[in-house]
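Working notes, structure below.
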Amino acid sequence: MDAKKRIFSGIQPTGNLTLGNYIGALRNFKLLEDEYDCLYSIVDLHAITIRQDPAQLRKACLRTLAIFLASGLDPERNIIFFQSHVHEHAELAWILDCYTYMGELSRMTQFKDKSRKHADNINCGLFAYPVLMAADILLYQADLVPIGSDQKQHLELARNIAERFNALYSDTFVVPDGYFPKVGARVMSLQEPTRKMSKSDPEDTYIAILDPADIIRKKLRRAVTDCDAEVRFDPENKPGVSNLMSILSALTGQSLESIAADFSGKGYGIFKDAVADAVIAALAPIQQNYEKLSADKAYLESVMRSGAERASALAMRTLRKVHKKVGLAPAKL
Ligand code: ATP
Ligand code: LTN
């Protein structure tokens with residue numbers, strides 16, 4: 001009997017995965033693999049809402065897959081696949097577009113941010129991005145979605161779309177819940193700590209999962225703090241220090257109070273080095289696994305092939321049900 005609840009989450013293969021992606025999402029993927037049936041996708045169709053260089057994108061896709069596996073995700077217990085390999089994602093997204101209002105999408109803060117950042121390419125895909133994300137989740141009847149807090153608004157929209165569809169046509173979709181880390185749900189930029197750490201920002205603002213130890217230490221030493229030299233958690237007045245404290249807490253499990261007590265009167269140099277030690281220790285095993293895995297192209301290809309097959313079998317069922325409910329003519333006449 002299949003009594004386990006289901007999880008779906010996705011990461012875009014845009015650039016280098018960051019410490020934010022790790023703490024906010026990837027680390028939880030591994031934590032949840034025992035308790036749930038999990039699908040983890042490299043959402044390449046989302047990535048092309050921003051203009052990508054094809055050769056770079058192709059590389060980033062494989063690199064992201066290797067990082068998923070290097071972080072310890074077992075490709076037999078979890079379904080790991082590329083979004084574009086399962087055509088039902090785009091098909092369901094089209095149908096759900098017809099149940100989503102322009103007004104709802106206009107309110108999405110990620111759309112507003114990305115429109116500002118890419119003012120020369122505000123395309124329809126960028127606008128409809130959250131509908132494709134809803135399709136990803138609803139296609140697999142996922143109960144839970146591990147994400148960082150920047151995706152909360154998108155998840156809320158996915159829930160609204162599911163409820164709207166269910167109300168119109170009777171129960172069709174599971175209405176999903178979000179799963180957010182207690183500390184580190186929003187890791188901030190090292191240079192502008194009031195903004196989210198993002199893999200599409202300049203190099204010195206983020207720590208990449210694959211950054212070597214000396215680079216990690218250098219980036220953290222240069223991280224923006226403030227000038228009162230007190231390690232205290234106060235995101236409003238001390239965003240830089242508070243961000244580093246959250247990173248340390250998320251990686252070591254130490255509470256924010258106990259971190260403040262440990263570094264009281266010690267100055268930022270020692271504190272930043274301790275954060276660097278924790279980050280380096282957390283990422284080292286992933287980096288070692290990555291070295292081995294990324295060289296084995298045949299293995300990576302076999303994982304993506306079997307992931308796509310397994311995901312397709314599930315996706316097909318939901319899409320068929322949706323076609324029927326909406327009133328589309330059955331394909332096998
Ligand atoms: P981009 O900068 O290309 O938009 P991104 O760094 O925001 O990308 P995504 O692929 O969009 O990364 O996100 C993958 C997952 O990582 C999502 O669940 C997202 O919430 C989480 N995440 C991204 N950045 C952070 C962050 N700074 N802190 C915590 N979680 C994050
Ligand atoms: N929109 C997300 C990535 C994403 C996702 C998903 C996350 C696409 N589809 C489904 C969870 C579930 C982002 O920008 N971080």
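Position 1 is the first residue of the sequence, and the numbers go up from there. Start at 1 and go down the list; that is how both ligands and their atoms are numbered.
Atoms of ligand 2 lying under 4.0 Å from any heavy atom of Gln12, numbered from 1 in the order shown and given with element: 14 (O). Counting atoms of ligand 2 from 1 in the listed order, those under 4.0 Å from a heavy atom of His46 are 8 (C), 9 (N). Of all atoms in ligand 2, listed by their number and element, those nearer than 4.0 Å to a heavy atom of Val145 are 11 (C), 12 (C). Annotation for ligand 2: atoms under 4.0 Å from non-hydrogen atoms of Tyr129 are 1 (N), 2 (C), 3 (C), 13 (C), 14 (O). Listed by number with element, the atoms of ligand 2 under 4.0 angstrom from any heavy atom of Ser9 are 11 (C), 12 (C).
Leu132 belongs to a hydrophobic cluster whose remaining members, ordered by chain and number, are Leu45; membership requires side-chain heavy atoms of ILVMFWY residues under 4.5 Å apart, directly or through intermediates.
Ring to ring, Tyr140 and His89 are close: their centroids are under 6.0 angstrom apart.
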Could you give the N/O to N/O pairs under 3.5 Å linking ligand 1 and the protein, each with its distance?
residue: ligand 1; atom: 2 (O); partner: Ser198; partner atom: OG; Å: 2.3
residue: ligand 1; atom: 2 (O); partner: Ser200; partner atom: N; Å: 3.3
residue: ligand 1; atom: 2 (O); partner: Ser200; partner atom: OG; Å: 2.6
residue: ligand 1; atom: 3 (O); partner: Thr14; partner atom: OG1; Å: 2.9
residue: ligand 1; atom: 3 (O); partner: Ser200; partner atom: OG; Å: 3.4
residue: ligand 1; atom: 4 (O); partner: Lys114; partner atom: NZ; Å: 2.5
residue: ligand 1; atom: 6 (O); partner: Asn21; partner atom: ND2; Å: 3.4
residue: ligand 1; atom: 6 (O); partner: Lys199; partner atom: N; Å: 3.3
residue: ligand 1; atom: 7 (O); partner: Lys196; partner atom: NZ; Å: 2.3
residue: ligand 1; atom: 8 (O); partner: Lys199; partner atom: NZ; Å: 3.1
residue: ligand 1; atom: 10 (O); partner: Gln12; partner atom: N; Å: 2.9
residue: ligand 1; atom: 10 (O); partner: Lys199; partner atom: NZ; Å: 2.9
residue: ligand 1; atom: 11 (O); partner: Gln12; partner atom: NE2; Å: 2.9
residue: ligand 1; atom: 12 (O); partner: Asn21; partner atom: ND2; Å: 3.1
residue: ligand 1; atom: 12 (O); partner: Lys199; partner atom: NZ; Å: 3.2
residue: ligand 1; atom: 16 (O); partner: Asn21; partner atom: ND2; Å: 3.1
residue: ligand 1; atom: 18 (O); partner: Gly148; partner atom: N; Å: 3.3
residue: ligand 1; atom: 20 (O); partner: Gly148; partner atom: N; Å: 2.8
residue: ligand 1; atom: 20 (O); partner: Asp150; partner atom: OD1; Å: 2.6
residue: ligand 1; atom: 24 (N); partner: Lys196; partner atom: NZ; Å: 3.2
residue: ligand 1; atom: 27 (N); partner: Val187; partner atom: O; Å: 2.7
residue: ligand 1; atom: 27 (N); partner: Met197; partner atom: O; Å: 2.9
residue: ligand 1; atom: 28 (N); partner: Val187; partner atom: N; Å: 2.8
residue: ligand 1; atom: 30 (N); partner: Gly20; partner atom: O; Å: 3.2

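On a distance-only criterion, Asp136 and ligand 2 share at least one N/O pair closer than 3.5 Å. By the 3.5 Å distance cut-off applied to N or O atoms, Gln151 is counted among the residues near ligand 2. By the 3.5 Å distance cut-off applied to N or O atoms, Asp150 is not counted among the residues near ligand 2.
Listed by chain and residue number, Tyr129 satisfy the ring-ring contact (aromatic ring centres under 6.0 Å, His included) test with His46 (two or more places apart in sequence, or in another chain). In terms of the salt bridge (charged side-chain N to carboxylate O under 4.0 Å, His left out) criterion, Glu309 has no residue partners (sequence neighbours excluded).
At a 4.0 Å heavy-atom cut-off, ligand 2 does not touch Ile11 at all.
Side-chain atoms of Tyr36 and Tyr179 form no donor-acceptor pair, as typed in the model, at a separation below 3.5 Å. Checking Gln191 against Asp201 by side-chain atom types alone, no donor-acceptor pair falls below 3.5 Å.
With salt bridges taken as basic N to acidic carboxylate O contacts below 4.0 Å, none links Arg222 and Asp204. For the pair Lys219 and Glu203, the salt-bridge criterion is met [side-chain N within less than 4.0 Å of a carboxylate O]. Between Arg164 and Glu104, at least one side-chain nitrogen of the basic residue sits less than 4.0 Å from a carboxylate oxygen of the acidic one, meeting the salt-bridge criterion. In this structure, Asp214 does not pair ionically with Arg217, as no charged nitrogen and carboxylate oxygen lie closer than 4.0 Å.
The nearest protein atom to atom 3 (C) of ligand 2, hydrogens excluded, is given as Gly10 O, 3.6 Å; this is a heavy-atom distance.
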